[in-house]
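Here's the structure, in structure tokens; my notes come after.
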Number of protein chains: 2
Amino acid sequence: MNPLDATRALMDGLGSEANVCMKCGSRSIGLCAPLDVAALDDMSGESERHALEPRDAIFHQGDPARHIYTLTEGTARLTRVLPDGRQAVIGFRFAGDILGFTPDKEHAVGAEMLTKGTVCRLDRRRLEHLFRRYPVLERRFLDLCVKELAASQDHILALGRFSAEERVAGFIISLVEAQERRGRVGPVFDLPATRADIGEFLGLTLETVSRAISAFRKRGWIRLHGHSGIEITDRPALMGLGSGEGVHAA
Amino acid sequence: MNPLDATRALMDGLGSEANVCMKCGSRSIGLCAPLDVAALDDMSGESERHALEPRDAIFHQGDPARHIYTLTEGTARLTRVLPDGRQAVIGFRFAGDILGFTPDKEHAVGAEMLTKGTVCRLDRRRLEHLFRRYPVLERRFLDLCVKELAASQDHILALGRFSAEERVAGFIISLVEAQERRGRVGPVFDLPATRADIGEFLGLTLETVSRAISAFRKRGWIRLHGHSGIEITDRPALMGLGSGEGVHAA
DNA sequence: CGATCCGTTGACGGTCTTCAATATGCGTGG
DNA sequence: CCACGCATATTGAAGACCGTCAACGGATCG
């Protein structure tokens, strides 16, 4: 995997294929891809939808892990907090991604909405049941999980070795690519996270993120449209910086 | 999971149960735990052992992923390199851990020995075959993979939010706990990685790692025995620092 | 016994954080 | 529709932390 794909894959998280799941509506569960119609029916029949507002929690760190969720609309962030209150954003999740899957008793991370949206909730025991009935589903979880792991490792690489501007550039590119993979076309893309959210994801302060974005703007690499619109005007430049083709050339 | 467990679980990686695998000898493959004797026999019959020296590569980043490996003796590191040559150590692996499992065509990380040791090599197609014959094995991979993912997320948290000393303290604690879980008792533990390796794992330079270790020594928290022996003399202090009970108290 | 690798320590400089002030966009209610 | 107020973003200045460069010390091995 290209290091540029780091955050991209991370943010895609579990499930990013584009096919339609019966009850969940327009956007799909990547998981459903290998299932036949009967299985989809099973799965849909056992899930319930919930509408959520910005800042609503889907689940909290430490909650008993009784359900898994599919984010069907909107954007969410995964967070992890330390005993002393410091917090990090572990990743962002978009429509089609899966949240809260763990073999543990409790959720190790919390999940909160950044925008309005909806989730599909599936009881964990029912998922186990589905695993037994459709073994291919379990294999799919395994594959997605390994992909996610690779993405996390890329993020580790970025946090450990990238400068502030490199991280922000990589983040913007991954955000754009994630939206393109979901069918977005226009030159203006969504920037659903605040500077603070981005900073907590990249291990930077919000000021440093803001300065990096301003620098890109001044160099003519991007243009901002309001508080949540971003246009890429020099994609190669951003990609070069964000994928580790640093000055430290080999 | 306690944030302190971050690196610990990461370093344990896939597989840490203590039971004996037929051919691999003394230390076990965690994977084998749920299998019966016939299955173990199958698995052992299809693997081959390799002896390795320090700095030997087990596989390189980009190699076709044709095998998976069980580290049966010794310590290894997983590395990932950037186009410009910058490198990060993604994690350390110890006896009993699994290396190189991926659904992708190529290895996304490289693996090299830090010490002398041996690995058990299993053809990937044979693993797929075993998955079909013993479905519980696949489920085990999934669980281990999710655990590993949680560990990576803790490492992300550490890289993004911990100071240099906090990271080094957390690393030492996890190293010690990993060895204790493998049955090591004495007050003196093994430190199989160089300052440079530790630095590349923690996103620091070797000098900064050295300074942190010196600081702990001067505070009476640890004592060094030669180049690869470390004794913990004030464990609560190290644990407090390494688990994020920072000054920023809640 | 010299060579080499690894670790330690010091001085200096850069990057990013911190603290602070100001500006801009956005929603609300007049 | 415009004015107001709040949240978010921007920008500046100062300083902390860590990286860089460099010299030295100690251990191991041939």
Side-chain angles (χ1 to χ4, degrees), chain A residues 53-55 77 85-89 114-116 158-169 171-172 188 190-219 222-231 241 246-248, chain B residues 53-55 77 85-89 114-116 158-169 171-172 190-219 222-230 241 246-248:
Chain A
E53 293 300 308
R55 299 182 166 275
R77 63 170 197 191
R86 278 178 294 182
Q87 189 179 31
V89 172
L114 292 176
T115 65
K116 282 186 58 162
L159 288 178
R161 289 277 165 268
F162 277 25
S163 71
E165 284 197 0
E166 287 173 323
R167 292 183 220 178
V168 175
F171 172 79
I172 293 173
V188 179
D190 238 37
L191 192 62
T194 66
R195 303 288 185 267
D197 285 321
I198 299 171
E200 289 190 351
F201 177 63
L202 298 177
L204 302 168
T205 60
L206 65 91
E207 291 94 334
T208 302
V209 173
S210 182
R211 277 185 247 272
I213 290 178
S214 292
F216 298 159
R217 187 164 40 74
K218 283 168 187 161
R219 285 174 213 157
I222 61 174
R223 202 173 302 163
L224 297 179
H225 298 263
H227 266 174
S228 72
I230 184 168
E231 179 185 354
L241 190 61
V247 196
H248 314 66
Chain B
E53 292 301 307
R55 300 181 165 274
R77 63 171 198 190
R86 278 177 294 182
Q87 186 179 33
V89 173
L114 292 176
T115 65
K116 283 185 57 162
L159 289 179
R161 288 279 166 265
F162 278 24
S163 70
E165 284 198 1
E166 286 173 324
R167 291 183 221 178
V168 176
F171 172 78
I172 293 173
D190 238 36
L191 193 61
T194 65
R195 303 287 184 267
D197 286 320
I198 299 171
E200 287 190 353
F201 178 62
L202 298 177
L204 301 169
T205 61
L206 65 92
E207 292 94 334
T208 302
V209 174
S210 181
R211 277 185 247 272
I213 290 179
S214 293
F216 297 160
R217 187 163 42 74
K218 284 168 188 162
R219 285 173 214 157
I222 62 174
R223 200 175 303 163
L224 297 179
H225 298 262
H227 266 177
S228 73
I230 184 169
L241 188 62
V247 196
H248 315 65

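Throughout, protein chains are lettered first and strands after them, A, B, ... in sequence-line order, and every chain is numbered starting at 1.
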Distance, rounded to the nearest Å, where [X] contributes [atom1] and [N] contributes [atom2]:
| X | N | atom1 | atom2 | answer |
| --- | --- | --- | --- | --- |
| A/Arg161 | D/dG19 | CZ | P | 8 Å |
| A/Arg86 | C/dT17 | CZ | P | 13 Å |
| B/Leu224 | C/dT8 | CG | P | 6 Å |

> Can any side-chain N or O of A/Ser210 pair as donor or acceptor with the backbone N or O of A/Leu206 at less than 3.5 Å?
Replying inline: no

For residues [X] and [Y], determine if any side-chain heavy atom of one lies less than 4.5 Å from a side-chain heavy atom of the other.
| X | Y | result |
| --- | --- | --- |
| A/Phe162 | B/Arg86 | yes |
| B/Leu204 | B/Val168 | yes |
| A/Phe171 | A/Val209 | no |

>> Regarding A/Leu191, tell me which of base, sugar-phosphate or nothing describes its non-hydrogen contacts under 4.0 Å with the strands shown.
In response: nothing

If every non-hydrogen atom of [X] is compared with every non-hydrogen atom of [Y], which pair is closest and at what distance?
| X | Y | value |
| --- | --- | --- |
| A/Glu53 | A/Lys116 | OE1-CG, 3.7 Å |
| B/Gln87 | B/Arg77 | NE2-NH2, 4.2 Å |
| B/Phe201 | B/Leu159 | O-CD2, 4.1 Å |
| A/Ala212 | A/Glu165 | CB-CG, 4.1 Å |
| A/Pro192 | A/Thr115 | CB-CG2, 4.2 Å |

Check nucleotides 23-27 of chain C for protein N or O atoms closer than 3.5 Å to its own N or O atoms and list the pairs.
{"unit_1": "C/dC26", "atom_1": "OP1", "unit_2": "A/His227", "atom_2": "N", "d": "3.3"}

> Between A/Arg195 and D/dT8, does any side-chain N or O lie under 4.0 Å from OP1 or OP2?
Replying inline: no

> Of B/Ile213, B/Asp190, B/Ile222, which meets side chain to side chain contact (heavy atoms under 4.5 Å, CB included) against B/Ile230?
Replying inline: B/Ile222

> Hey, what bend do you get for the helix from C/dC1-D/dG30 to C/dG30-D/dC1 if you fit axes on five pairs at each end, rounded to 10°?
Replying inline: 40°

>> Taking atom CZ as the centre, does B/Arg219 end up with more than 12 heavy-atom neighbours from other residues, nucleotides or ligands that are less than 6.0 angstrom away?
In response: yes

Please list each protein N or O that sits under 3.5 Å from an N or O in nucleotides 9-16 of chain C, with the distance.
{"unit_1": "C/dT9", "atom_1": "OP2", "unit_2": "B/Ser214", "atom_2": "OG", "d": "2.6"}
{"unit_1": "C/dG10", "atom_1": "N7", "unit_2": "B/Arg211", "atom_2": "NH1", "d": "2.9"}
{"unit_1": "C/dG10", "atom_1": "O6", "unit_2": "B/Arg211", "atom_2": "NH2", "d": "3.2"}
{"unit_1": "C/dA11", "atom_1": "N6", "unit_2": "B/Arg211", "atom_2": "NH2", "d": "3.4"}
{"unit_1": "C/dC16", "atom_1": "OP1", "unit_2": "A/Ala164", "atom_2": "N", "d": "2.8"}

